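Bear in mind that the values here come from a model prediction, so they are computed numbers and not experimental data.
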Amino acid sequence: QVQTVESGGGLVQTGGSLRLSCAASGGTFTTYAMGWFRQAPGKEREFVAAINWIDGSTHYADSVQGRFSISRGNAKNTLYLQMTSLKPEDTAVYYCATKPLYSDYVTALYEYDYWGQGTQVTVSS
């Protein structure tokens with residue numbers, strides 16, 4: 001079985017920073033991309049950022065462009081999300097997932113598998 005674990009969430013004030021970490025391990029699987037998604041209470045899960053595992057290209061939601069940075073870790077199938085200038089609107093459970101197959105739709109939730117259980121990020125005003 002593949003296990004995905006997120007960590008690094010917490011409570012911060014507006015304008016603060018956090019770094020989230022993710023690791024996928026176990027089983028046998030391929031990786032085309034890995035991404036971060038988030039879900040606020042009463043809202044649908046939405047795309048945040050993704051990185052192509054082959055060429056390193058990145059994609060960001062408009063709402064986090066210029067504030068968040070996604071990067072690949074040194075260890076196999078590890079992922080980071082550096083978040084700065086945090087806003088109350090960023091409050092959500094943040095999830096990490098793996099896109100195992102090629103497609104043009106790198107930001108689409110349905111392209112991803114092996115979801116973690118999430119880590120809570122709370123930004124107070």
Are [X] and [Y] connected in the hydrophobic side-chain network, where two residues link if heavy atoms are under 4.5 Å apart?
{"X": "Tyr102", "Y": "Ile54", "value": "yes"}
{"X": "Val12", "Y": "Val48", "value": "yes"}
{"X": "Tyr95", "Y": "Met83", "value": "no"}

### Query
With Tyr80, which residues qualify under ring-ring contact (aromatic ring centres under 6.0 Å, His included), at least two apart?
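For Tyr80 there are no ring-ring contact (aromatic ring centres under 6.0 Å, His included) partners, ignoring immediate neighbours.
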### Task
Give the C-alpha distance, both sets of side-chain angles, the deciding distance and a yes or no for side-chain contact (heavy atoms from CB on, under 4.5 Å) between Val106 and Tyr112.
CA-CA 9 Å; Val106 71; Tyr112 287 79; 3.7 Å; yes
### Message
Using side-chain contact (heavy atoms from CB on, under 4.5 Å), reason through Tyr32 and Ser103 one step at a time and then give a plain yes or no.
### Response
CA-CA 9 Å; Tyr32 177 74; Ser103 80; over 6 Å; no
Checking [X] now: which residues fulfil side-chain contact (heavy atoms from CB on, under 4.5 Å) with it, not counting sequence neighbours?
{"X": "Thr119", "result": "Glu6, Leu20, Tyr94"}
{"X": "Thr28", "result": "none"}
{"X": "Gln120", "result": "Thr91, Val93, Thr122"}

Hey, what do you get for [atom1] ([X]) to [atom2] ([Y]), rounding to the nearest 0.5 Å?
{"X": "Ser17", "Y": "Arg67", "atom1": "OG", "atom2": "CZ", "value": "10.5 Å"}
{"X": "Asn77", "Y": "Thr98", "atom1": "CG", "atom2": "OG1", "value": "6.0 Å"}
{"X": "Lys87", "Y": "Thr14", "atom1": "NZ", "atom2": "OG1", "value": "10.0 Å"}
{"X": "Ser21", "Y": "Leu79", "atom1": "OG", "atom2": "CG", "value": "8.5 Å"}
{"X": "Met34", "Y": "Asn52", "atom1": "CE", "atom2": "CG", "value": "12.5 Å"}

### Query
When clusters are formed from ILVMFWY side-chain contacts under 4.5 Å, directly or step by step, what else is grouped with Val2?
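Traced through the cluster, Val2 reaches Phe29, Tyr114.
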Looking at [X] and [Y], what are the two nearest heavy atoms and their distance?
{"X": "Ala24", "Y": "Thr4", "value": "CB-OG1, 3.8 Å"}
{"X": "Ala92", "Y": "Ala40", "value": "CB-N, 3.8 Å"}
{"X": "Gly9", "Y": "Val121", "value": "CA-CG2, 4.2 Å"}

### Query
Going by the angle between their ring planes, with limits at 30° and 60°, are Phe47 and Phe37 parallel, tilted or perpendicular?
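If you compare the ring of Phe47 with that of Phe37, the planes turn out perpendicular.
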### Message
If you count heavy atoms of other groups shown closer than 6.0 angstrom to CD of Gln117, is the number above 12?
### Response
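Atom CD in Gln117 is not packed in, count stays at 12 or less.
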### Query
Should we say atom CD of Gln3 is surrounded by more than 12 heavy atoms from elsewhere, each under 6.0 Å from it?
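Counting other residues, nucleotides and ligands, CD of Gln3 stays at 12 neighbours or fewer.
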### Message
For the backbone of Pro100 and the side chain of Thr30, can you confirm whether one donor and one acceptor N or O come within less than 3.5 Å of each other?
### Response
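Indeed, once roles are kept as given, a pair shorter than 3.5 Å links the two residues.
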### Message
Taking Arg45's backbone N and O only, do any of them form a donor-acceptor pair with Lys43's side chain (distance below 3.5 Å, no angle check)?
### Response
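The answer is no, because no donor-acceptor pair under 3.5 Å joins these two groups.
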Kindly list each side-chain donor-acceptor pair under 3.5 angstrom involving residues 56-65, sequence neighbours excluded, with atom names and distances?
from: Ser57; atom 1: OG; to: Asp55; atom 2: OD1; distance (Å): 2.8
from: Tyr60; atom 1: OH; to: Ile70; atom 2: N; distance (Å): 2.9
from: Ser63; atom 1: OG; to: Arg38; atom 2: NH2; distance (Å): 3.4

